[in-house]
2 protein chains.
Amino acid sequence: MRLAELAARSGFSNATIKYYLRAGLLHPGEAQSTTWAEYDDSHVRRLRLVRALTEVAGMSLETVRQVVLAVEEAGSEHEARGAAQWALSREVTDEPTASSLVRVDGLLARHGWTVHADSPHRRVLAAALDTVEQLGLPATDELLDSYAQALRPVAELEVSRVAEAEDTTVAAERLVVGTLLYEPVLTTLRRMAHEAASAPVRE
Amino acid sequence: MRLAELAARSGFSNATIKYYLRAGLLHPGEAQSTTWAEYDDSHVRRLRLVRALTEVAGMSLETVRQVVLAVEEAGSEHEARGAAQWALSREVTDEPTASSLVRVDGLLARHGWTVHADSPHRRVLAAALDTVEQLGLPATDELLDSYAQALRPVAELEVSRVAEAEDTTVAAERLVVGTLLYEPVLTTLRRMAHEAASAPVRE
DNA sequence: TCAGATCGGAGAGTGTGGCTATCCAACATT
DNA sequence: AATGTTGGATAGCCACACTCTCCGATCTGA
């Protein structure tokens with residue numbers, strides 16, 4: 001299909017697709033002549049992915065580009081996971097305090113979770129703990145433990161579903177999409193659970 | 001304290017604080033004369049809240065403003081919850097499909113959750129389900145049920161902690177801050193759980 | 001065959017968000 | 001009275017995410 005048809009199918013404007021091509025968010029079509037390039041389903045899927053990551057996950061185009069490149073270059077599911085995690089973790093501006101890092105490591109140890117020592121999540125989580133502490137709402141270990149305990153079966157189910165994927169590229173994409181796109185599902189459900197949990201005292 | 005001291009204590013620049021005052025993110029200080037206004041701890045706390053909501057929760061200043069106003073005007077915890085939820089829910093551009101709304105309602109019914117019929121979360125969740133479906137990663141009821149089941153005890157613990165608050169304003173603030181600021185904690189823990197759950201197959 | 005439409009590509013322009021810098025009159029300080 | 005600082009208003013700036021305009025090459029219909 002030509003660019004115009006890709007635009008019609010994806011719902012993006014002609015100009016926006018050109019912009020995404022320039023920005024490296026979309027791989028070029030197969031040039032058939034100077035004025036003719038063939039785009040296929042992979043381009044449609046990519047555009048859907050970009051839309052999902054920007055609109056649902058609220059990511060910037062630059063972050064989307066890094067995630068997309070990481071997924072593309074990954075030769076294995078493991079590699080995809082590592083690259084995607086690096087790309088997904090927000091830049092933590094403030095260095096986390098040592099005490100928060102210790103708390104994170106303690107949490108991991110209590111639950112027997114094996115996480116890479118230089119995994120970005122350790123620092124991201126520690127920084128998040130610092131922030132809530134500064135606002136006078138310190139997270140108790142009890143709360144963190146309940147989070148960890150609740151998430152373990154969920155994570156196992158999710159990982160097992162990703163592992164079913166046929167192809168490496170599909171698996172990598174599924175991993176990233178699943179991690180990111182289910183986050184709004186999870187947080188919205190949590191807010192609903194709050195509403196439900198406080199319902200008895202409602203008017 | 002004067003504006004300059006508030007700037008020094010909060011870490012924001014003089015100019016930025018003036019900008020926040022204009023934007024309605026920060027309530028004015030008590031004017032002592034034409035060139036002298038008294039700021040207090042409430043201003044320091046507010047600035048910390050703004051920083052937390054923008055930097056950690058990634059919210060726009062306009063959204064922060066709405067949340068802050070909602071919390072300020074709330075006369076009761078219940079009111080604060082309603083106002084905050086309205087403000088917190090992202091603008092859902094696409095209308096959710098009817099079938100997703102049915103799935104959401106089914107989920108709520110299965111778990112006995114009471115949620116307001118016009119709660120924004122129903123539509124937000126349904127729209128999120130539509131999105132993952134479009135990307136070929138449909139959420140099974142099994143997955144949604146496991147999310148809901150995992151989150152219930154967590155939400156109950158969180159709600160009980162908020163209920164301990166002394167003052168209505170403090171309770172409202174705590175509610176919003178808790179809901180929003182613990183989201184990164186939760187999502188980061190989920191990503192860690194993924195890493196831990198797939199560790200056995202790591203190199 | 002050839003005039004006009006369409007294509008892909010590149011650069012400049014646009015609008016919004018989040019600050020930042022400059023100016024100003026009023027006041028406080030020495 | 002001279003100087004410096006304050007709060008308030010206006011305008012400017014920069015990054016992001018497009019969007020518009022132009023261009024030469026090529027495809028298409030009569």
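Letters A, B, ... mirror the listed sequences (proteins, then strands); counts begin at 1.
- The CD atom of B:Glu5 sits 11 Å away from the P atom of D:dT6 (whole-angstrom rounding).
- Following rounding to the nearest Å, A:Leu6 (CG) and C:dT6 (C1') show an atom-to-atom distance of 16 Å.
- Evaluated for a side chain to side chain contact (heavy atoms under 4.5 Å, CB included) with B:Leu3, the options B:Lys18, B:Glu38, B:His43 yield exactly one hit, B:Lys18.
- Residue-level contact check: A:Ala4 touches the backbone only, with heavy atoms under 4.0 Å from sugar-phosphate atoms and none from bases.
- Two residues are said to be in side-chain contact when any heavy atoms from C-beta on lie closer than 4.5 Å; B:Asp145 and B:His111 meet this criterion.
- Ranking D:dT19, D:dG7, C:dC7 by closeness to the B:Leu3 side chain, first place goes to D:dG7.
- Between B:Asn14 atom CG and C:dC23 atom P the separation is 16 Å, expressed in whole Å.
- No donor-acceptor contact under 3.5 angstrom links the side chains of B:Glu195 and A:His116, judged on distance only.
- Atom CD1 of B:Ile17 and atom C1' of C:dT20 are 14 Å apart (whole Å).
- We find that CG of B:Leu21 is positioned 15 Å from P of C:dT20, with the value rounded to whole Å.
- Dashed line: the shortest gap from a side-chain N or O of B:Thr16 to OP1 or OP2 of C:dG18 is not under 4.0 Å.
- Distances shorter than 4.0 Å separate none of the side-chain N or O atoms of B:Thr54 from OP1 or OP2 on C:dG18.
- Note on A:Phe12: nothing from the nucleic acid sits closer than 4.0 angstrom, heavy atoms only.
- Within the 4.5 Å cutoff, the side chain of B:Arg51 has no heavy atoms near those of the B:Arg46 side chain.
- Distance from the side chain of A:Tyr20 is smallest to D:dC18 among D:dC18, D:dG7, C:dG8.
- Within the nucleic acid shown, B:Ser60 comes within 4.0 Å of sugar-phosphate atoms alone, with no base atom in reach, counting heavy atoms only.
- Comparing atom distances between the B:Tyr39 side chain and each of C:dT20, D:dG8, D:dC18 picks out D:dG8 as nearest.
- Between A:Ser33 and D:dA25, a side-chain N or O to OP1/OP2 separation shorter than 4.0 Å is absent.
- The distance between atom NZ of A:Lys18 and atom P of D:dC23, rounded to the nearest whole Å, is 14 Å.
- What separates OH of A:Tyr19 from P of C:dG13 is a distance of 17 Å, to the nearest Å.
- Under the 3.5 Å distance criterion, with hydrogens and angles disregarded, a donor-acceptor pair is assigned to the side chains of A:His194 and B:Glu158.
- The CD-C1' distance, from B:Glu62 to C:dC19, rounds to 16 Å in whole Å.
- Comparing A:Trp36 and A:Arg22 along DNA chain D, the residue whose closest nucleotide (by nearest heavy atom) sits nearer the 5' end is A:Arg22.
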